[in-house]
Structures are given as structure tokens and as C-alpha cells.
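In what follows, a structure is listed as C-alpha cells, so that the remarks can point back to it.
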Number of protein chains: 2
Amino acid sequence: MTKTKDATSASEASESPPTSGAEMPSEAAQAHRFGKARSAQSTALLEDYVELISDLLGASGEARPTDVARRLGVSHATAIKTISRLKREGLATSRPYRGVFLTEAGTALAERVRLRHRLVVDLLVAVGVPPDSAEADAEGIEHHVSDTALAAFRAFLGRGENS
Amino acid sequence: MTKTKDATSASEASESPPTSGAEMPSEAAQAHRFGKARSAQSTALLEDYVELISDLLGASGEARPTDVARRLGVSHATAIKTISRLKREGLATSRPYRGVFLTEAGTALAERVRLRHRLVVDLLVAVGVPPDSAEADAEGIEHHVSDTALAAFRAFLGRGENS
DNA sequence: CTTAAAGTGTAGCCGTTGCTACATGTTGGT
DNA sequence: ACCAACATGTAGCAACGGCTACACTTTAAG
Ligand SMILES: [Mn+2]
Ligand SMILES: [Mn+2]
Ligand SMILES: [Mn+2]
Ligand SMILES: [Mn+2]
């Protein structure tokens with residue numbers, strides 16, 4: 001390697017910590033925030049599946065893996081694998097060739113997720129986002145909105161804790 | 001197995017597609033939305049790394065892998081592996097034991113991400129979300145806000161295309 | 001009833017993002 | 001100059017979420 005260490009000669013004089021710009025949050029606080037965002041990501045997929053299955057059940061009485069896959073834009077194999085994760089986590093049930101259904105926990109989650117989805121879309125529209133964009137962005141945003149923020153959204157929209 | 005097929009006897013009469021509730025979006029549109037949310041997820045991590053590295057460089061002149069790891073709340077091995085992905089994608093450079101730096105592309109991305117982050121926080125606060133919650137939620141939300149929505153946010157906040 | 005189409009399930013692959021454990025390099029204190 | 005502490009890098013593991021390919025079952029057409 002012949003390490004020509006002296007390469008660092010010119011730049012080592014001014015190692016001034018600028019300290020000028022904006023403050024950075026504490027390490028602990030920042031790590032906690034990033035951790036929350038990561039864990040939200042891990043549940044986002046489950047939430048989308050449960051909400052979609054609930055919609056399909058409500059609209060046509062059944063939720064077949066292929067329909068779920070087509071709506072999500074993934075292969076049926078992927079959908080089936082994720083549905084088996086839903087079952088593992090107690091959110092859904094399914095018997096071979098008989099479609100997917102939601103457990104009580106799954107139904108409750110779907111309800112919460114559906115309300116949250118609508119609230120997020122409504123808030124985006126209320127601040128001026130075009131409806132199509134609002135609907136598209138909400139699909140990702142919804143999974144990262146805390147209950148605290150949801151309450152604020154409701155207040156802003158002039159709804160008293162319902163809807 | 002002895003498949004007693006007649007088990008489906010009682011329930012097969014009313015296979016009415018309710019069709020009553022809310023309309024569902026078209027399969028294609030919905031799949032497209034979910035796909036966008038998925039791809040946003042895949043860049044979210046890169047965005048957070050780049051923004052954080054930029055912050056560290058601005059605040060102290062250097063961004064060491066261990067600092068990045070502590071701020072993100074992950075192990076240093078994880079941080080190093082992701083940093084190597086940043087390098088692979090042309091966003092960062094680093095020489096062993098010498099810290100991480102951003103390429104021009106990385107710097108540009110960091111700038112965009114920082115502005116977007118601030119805009120999202122400001123909008124959340126403007127609609128009544130407490131600052132701490134706004135900051136925490138923004139960390140996840142930011143990665144799913146389209147340029148269209150950002151423009152609407154700016155307009156809502158009364159800022160003409162800057163900041 | 002027979003057969004083709006559609007749906008379902010399984011297996012095996014890959015890339016990403018975590019982790020722990022261990023090995024190696026750098027640096028500061030004495 | 002030395003050694004201990006710290007930082008960095010590497011290896012190997014696991015879970016997740018994609019995919020394609022193939023096998024099987026159910027449903028629909030004729
Ligand atoms: Mn969603
Ligand atoms: Mn949704
Ligand atoms: Mn973020
Ligand atoms: Mn951010």
C-alpha cells in the first residue's frame with residue numbers, strides 16, 4: 001500500500017467545528033424518532049393488506065388472493081406469502097381455495113386504518129392538495145401519522161372526534 | 001381427506017355482491033398508488049442517511065459511521081453497510097477511517113430532503129400538530145409527499161416557491 | 001362429462017436491512 | 001514507545017418482501 005500519510009497535510013489546519021448553523025437534536029431523541037419511523041414501516045404493509053381485504057369483503061363479499069395481488073400490483077405468490085403473515089399475526093384467516101377473511105382484530109385494525117386514511121386525504125385536500133395527489137400521497141403518509149396528529153387533523157377540519 | 005363437500009350447503013344461497021358501500025378505485029389506479037408508496041419506501045432510508053450526513057458535516061465538519069449509527073439508533077455495522085449502498089448509488093464517498101462525504105448528487109439530494117423535511121414540519125404545526133409530534137411524524141411522512149403536495153403546502157403557508 | 005382457463009399454493013432465488021461476534025486499524029494518555 | 005480505548009470493517013445469521021417457475025385444484029365452457 002505504501003501509505004503516503006502526508007496526503008492530509010493541506011487540509012488539517014482548520015478543523016473548526018462550525019457550530020454555526022441550525023441546532024441538531026439530541027442523539028437519543030433523534031434515534032428514537034428514526035426508530036419509530038422504522039417500526040411504522042414494518043406495519044405499513046399489514047395495514048394496507050387489512051384495509052384492502054376489508055374493502056374487497058365489503059364490496060363483493062369475498063377477498064381472493066389474486067384480487068388482492070392485482071390491487072396491490074404484486075404477484076399472487078407475494079400476496080399469498082404476506083397473507084400467511086397476516087394469519088401468523090392473528091389478523092386474518094383463510095382456508096385453501098376459499099378466500100381470505102379478517103379476524104376480530106383484523107376487522108378492528110381495518111376500521112382504524114380506513115378512518116385514518118380518509119382523515120389524511122381530507123386534510124391534504126383541505127390544505128390545497130389536488131384530490132388525486134392527495135389520494136396517492138395518503139397511501140404512504142397514513143402509516144406515519146400519530147394519534148396526536150390525527151386529533152389535530154380532526155380539530156383543523158372542524159370535526160369533533162368522530163369520522 | 002374424505003372431502004365432505006356438502007359443508008358449503010347453508011351459505012351458498014346469498015352470494016350477493018353488496019355493491020352498496022363506497023366505490024372502490026380501479027384496479028390499475030390502486031396498483032399504481034401502492035407501487036408508488038412501495039418505491040418511496042425504498043428510497044426513504046437513503047434520504048434519511050444523506051440528510052443526516054449532511055447535518056453532521058455542517059455541524060462538526062465530519063460524519064463518522066459511528067455517529068451516523070448512534071443518531072439513527074442502529075448498530076455501526078448496519079450503518080456501514082448502508083453507507084456502502086450510498087457509495088454504490090453515487091451519493092457518498094468514504095475512505096477507511098476517514099469519515100463519510102457526500103458527492104455532488106448526494107449534496108443536492110440532502111438539500112432537497114432538508115427543505116422538504118422543514119416544509120412538512122411547518123405544515124403539520126400550521127394545522128395544529130404539537131411541534132414534538134410534528135417533528136417525529138415528519139420523519140416518516142416526508143418520504144411520501146409528492147412535489148405537487150409540497151407546492152400546495154407552500155401555498156398554504158403563504159410562501160412563494162422559496163423555502 | 002370433459003377439458004381448458006383461472007385460481008391457488010409451494011419452492012427457490014435475490015436484495016435489503018437489521019443484528020451479533022470477531023478482527024483489524026487509529027489514536028490518545030502515560 | 002506502548003497500550004488501552006475506541007472506531008472501523010467483515011462475516012454470518014435472520015426476517016421480510018419482492019420475483020419466477022412449477023404443480024395442483026377449482027371453476028367455467030362446450
Ligand atoms: Mn397505505
Ligand atoms: Mn390506505
Ligand atoms: Mn425521514
Ligand atoms: Mn428527515
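Order of the sequence lines fixes the chain letters, A, B, ..., with proteins taken first and strands second; residue numbering starts at 1 for each chain. As the structure is a prediction and not an experimental result, all values here were calculated from the model.
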Any Lys/Arg nitrogen of A/R71 or A/D55 sitting under 4.0 Å from an Asp/Glu carboxylate oxygen of the other? no
If you measure from the Lys or Arg side-chain nitrogens to the Asp or Glu carboxylate oxygens, is any gap between A/R159 and A/D122 under 4.0 Å? yes
Return the value, rounded to whole Å, for the distance between atom [atom1] of [X] and atom [atom2] of [N].
X: B/Y97; N: C/dT26; atom1: OH; atom2: C1'; answer: 7 Å
X: B/R85; N: C/dC14; atom1: CZ; atom2: P; answer: 19 Å
X: A/I83; N: C/dG9; atom1: CD1; atom2: C1'; answer: 11 Å
X: A/D67; N: D/dT27; atom1: CG; atom2: P; answer: 14 Å
X: A/L45; N: C/dT17; atom1: CG; atom2: P; answer: 15 Å
X: B/E62; N: C/dT27; atom1: CD; atom2: P; answer: 11 Å

Check whether any side-chain N or O of [X] sits under 4.0 Å from OP1 or OP2 of [N], and answer yes or no.
X: B/T82; N: C/dT16; answer: no
X: B/R98; N: C/dG25; answer: no
X: A/T78; N: D/dC19; answer: yes
X: B/R95; N: D/dG9; answer: no

Give one of base, sugar-phosphate or nothing for B/S75, where a contact means two heavy atoms less than 4.0 Å apart.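 Base, at least one base heavy atom under 4.0 Å.
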Please name all residues satisfying side chain to side chain donor-acceptor pair (under 3.5 Å) with A/R38, sequence neighbours left out, ordered by chain then number.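 Checked A/R38 against side chain to side chain donor-acceptor pair (under 3.5 Å); zero matches.
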Run the side chain to side chain donor-acceptor pair (under 3.5 Å) test against B/S75 and tell me which residues pass, sequence neighbours left out. B/T78
Between the side chain of A/S133 and the main-chain N/O of A/V129, is any donor-acceptor distance below 3.5 Å? no
Are any of the side-chain heavy atoms of A/I80 and A/H76 separated by less than 4.5 Å?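 Yes, close enough: below the 4.5 Å cut-off.
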Will you find, in the side chains of A/K87 and A/S94, an N or O donor that is under 3.5 Å from an N or O acceptor?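 A/S94 and A/K87 do have a side-chain donor-acceptor pair below 3.5 Å.
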Determine whether B/V145 and B/V125 fall in the same hydrophobic cluster, where Ile, Leu, Val, Met, Phe, Trp and Tyr are linked whenever their side-chain heavy atoms lie under 4.5 Å apart.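 Not linked; separate clusters.
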Axis-to-axis angle across the helix from C/dC1-D/dG30 to C/dT30-D/dA1, five pairs an end, to 10 degrees?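 Roughly 10°, once rounded to the nearest ten degrees.
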Please give me every residue in residues 24-38 of chain A whose heavy atoms get under 4.0 Å of an atom in DNA chain D, ordered by residue number. none
Just to verify, which of B/R114, B/H143, B/R112, B/H117 counts as forming a side chain to side chain donor-acceptor pair (under 3.5 Å) with B/E47? B/H143
Nearest-nucleotide 5' precedence on DNA chain C, A/S94 against A/Q41: A/S94
Using a cutoff of under 3.5 Å, can you pull out all pairs of nitrogen or oxygen atoms linking the protein to nucleotides 10-12 of chain D, with atom names and distances?
unit_1, atom_1, unit_2, atom_2, d
D/dG12, O6, B/K81, NZ, 3.3

Identify each atom pair where a protein N or O and an N or O of nucleotides 4-6 of chain C are less than 3.5 Å apart, giving names and distance.
none

